[in-house]
Amino acid sequence: MSEPRNQATKIVRLTSDIFHWSVEDDRIKFRSEAYAIRPEGARSVLIDPLPLEEKLLDRLGKVEAICLTGACHQRATWRYRKQFGARVFAPRGSAKLLEAPDVWYGPGEDLPGGLKAVHAPGPTDAFYVFLRPAGAGTLFCSDVLIHDGKSLVFVPDEHLQDPRRTRETARAFLDLRFGLLCFSHGAPLFADPHAAVRSALERDAAGRS
């Protein structure tokens, strides 16, 4: 999938070393999010990077790696790989990548930035979320759930390869330790993210009964 036309005009620091930016994504008519992990004195790791205004790129410092949760989130990856000389990590089995990644990864593997790859089938089979155990824990939750501004909801079934497995993946999130939930679409959530996931599952089940 091509890059969004819009570029992010600001970067927000979520924690001491996690940064976030967002664009109104013309391709899907909704907002999209991207993240960077940049510990003090270390190089940055980008997660599903979206286009940034050129003047903001300095805030990322030197980028060592770009980690993709799935093939549908290539976004500005290949342009930034060339610009920064960064290695790209992509899920093993990904289809329709515009370029070959430098590293293929699979379930449970450690990735740059202190990330662990957690298999998250449903949107596609070769789909992942990233758990960062440091501190209170952060879960970078890709298209399993989105934050619509009021609550957490599932991506519409027509955009999911397997809606049932997507629900199973979301339920498995409840067994992970994290205090910050970062979405690919919608604002990050600090306030009791486990309760929010539980509520999304309960509302979804009630709506399907």
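When all heavy atoms are compared, the tightest approach of Ala120 to Pro123 is O-CD, 3.6 Å. Of all non-hydrogen atoms in Arg177 and Pro133, the two that sit nearest each other are NH2-O, 2.6 Å. Considering all non-hydrogen atoms of both residues, His147 and Ala187 come closest at ND1-O, 2.7 Å. Across all their heavy atoms, Thr69 and Tyr105 have their closest contact at CA-OH, 3.8 Å.
The list of salt bridge (Lys or Arg N to Asp or Glu O under 4.0 Å) pairs with a residue in residues 112-127, not counting sequence neighbours, reads Asp110-Lys116, Asp125-Arg165. Sorted by first and then second residue, the side-chain hydrogen bond (donor to acceptor under 3.5 Å, both in side chains) pairs involving residues 189-198 (not counting sequence neighbours) form an empty list. For the salt bridge (Lys or Arg N to Asp or Glu O under 4.0 Å) condition, the pairs that include at least one residue of residues 137-157, sequence neighbours left out, are Asp157-Arg167, Asp157-Arg208. Residues in residues 34-52 take part in no salt bridge (Lys or Arg N to Asp or Glu O under 4.0 Å) pair, two or more places apart or across chains.
Side chains of Leu57 and Gln83 form a contact here, defined as non-hydrogen atoms less than 4.5 Å apart. Side-chain contact between Phe89 and Pro101 is absent, with no heavy-atom pair separated by less than 4.5 Å. In this structure the side chain of Leu68 reaches within 4.5 angstrom of the side chain of Thr77, judged on heavy atoms. Using a 4.5 Å heavy-atom threshold, the side chains of Phe130 and Cys67 count as touching. Side-chain contact between Ile37 and Phe140: present, with at least one pair of heavy atoms (C-beta onward) separated by less than 4.5 Å. Counting heavy atoms from C-beta on, the side chains of His73 and Ser184 come closer than 4.5 Å. In this structure the side chain of Ile66 never reaches within 4.5 angstrom of the side chain of Phe84, judged on heavy atoms.
Of the inter-residue distances, the one linking Lys96 atom NZ with Thr124 atom OG1 reads 11.0 Å to the nearest 0.5 angstrom. Remark: Thr169 OG1 to Arg171 CZ distance equals 10.0 Å, nearest 0.5 Å. In this structure, the separation between CG on Leu52 and CG on Leu60 is 6.0 Å, given to the nearest 0.5 Å. With rounding to the nearest 0.5 angstrom, the CG atom of Leu98 is 4.5 Å from the CD atom of Gln74. Between atom CD of residue Glu53 and atom CH2 of residue Trp21 there is a gap of 13.5 Å, rounded to the nearest 0.5 Å. Distance CZ/Phe127 to OG/Ser142: 3.5 Å, rounded to 0.5 Å.
Here the side chain of Arg13 pairs no donor or acceptor atom with the backbone of Ile18 at under 3.5 angstrom. Checked by atom type and distance alone, the side chain of His20 never pairs as donor or acceptor with a backbone atom of Tyr35 at under 3.5 Å.
Under the side-chain hydrogen bond (donor to acceptor under 3.5 Å, both in side chains) criterion, Thr15 pairs with Asp17, not counting sequence neighbours. Residues passing the side-chain hydrogen bond (donor to acceptor under 3.5 Å, both in side chains) test with Glu64, sequence neighbours excluded: none. Taking the side chain to side chain contact (heavy atoms under 4.5 Å, CB included) definition, one finds that Ala76 meets it with Glu3, Pro51, Arg79, Tyr80, sequence neighbours left out. By the side-chain hydrogen bond (donor to acceptor under 3.5 Å, both in side chains) test, Thr138 pairs with no residue at all, sequence neighbours left out. Residues satisfying the side chain to side chain contact (heavy atoms under 4.5 Å, CB included) criterion with Ser94, sequence neighbours excluded, are Ala71, Pro91, Leu97, Trp104, Ala126. For Arg164, the side-chain hydrogen bond (donor to acceptor under 3.5 Å, both in side chains) partners at least two apart in sequence or on another chain are Glu168. Shown here are the ring-ring contact (aromatic ring centres under 6.0 Å, His included) partners of Phe19, two or more places apart in sequence or in another chain: there are none.
When only modelled atom types and interatomic distance are considered, Glu33 and His185 share no side-chain donor-acceptor pair under 3.5 Å.
In the hydrophobic clustering, where aliphatic and aromatic side chains (Ile, Leu, Val, Met, Phe, Trp, Tyr) are joined below 4.5 Å either directly or transitively, Val144 groups with Val118, Val129, Leu131, Leu139, Leu145, Leu152, Phe154, Phe173, Leu174, Leu176, Phe178, Leu181, Phe183, Leu189, Val197, Leu201.
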Check against side-chain contact (heavy atoms from CB on, under 4.5 Å), Arg92 and Glu109
CA-CA 11 Å; Arg92 196 173 293 117; Glu109 292 189 25; 3.2 Å; yes
Check the pair Val45 / Val63 against side-chain contact (heavy atoms from CB on, under 4.5 Å), numbers first and verdict last.
CA-CA 6 Å; Val45 174; Val63 178; over 6 Å; no
Set out, in order, the CA-CA distance, both residues' side-chain angles and the distance that settles salt bridge (charged side-chain N to carboxylate O under 4.0 Å, His left out) for Glu99 and Arg81, then state yes or no.
CA-CA 10 Å; Glu99 298 183 18; Arg81 171 163 78 170; 2.6 Å; yes
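Residues Ile47 and Phe190 are members of one and the same hydrophobic cluster, defined by side-chain heavy-atom contacts under 4.5 angstrom among Ile, Leu, Val, Met, Phe, Trp and Tyr. Under a hydrophobic-cluster definition in which Ile, Leu, Val, Met, Phe, Trp and Tyr are linked whenever side-chain heavy atoms come within less than 4.5 Å, directly or via other members, Leu46 and Leu115 are assigned to different clusters.
Checked against Ser32 for a side-chain hydrogen bond (donor to acceptor under 3.5 Å, both in side chains), the options Asp26, Asn6, Asp25 give a single hit: Asp25.
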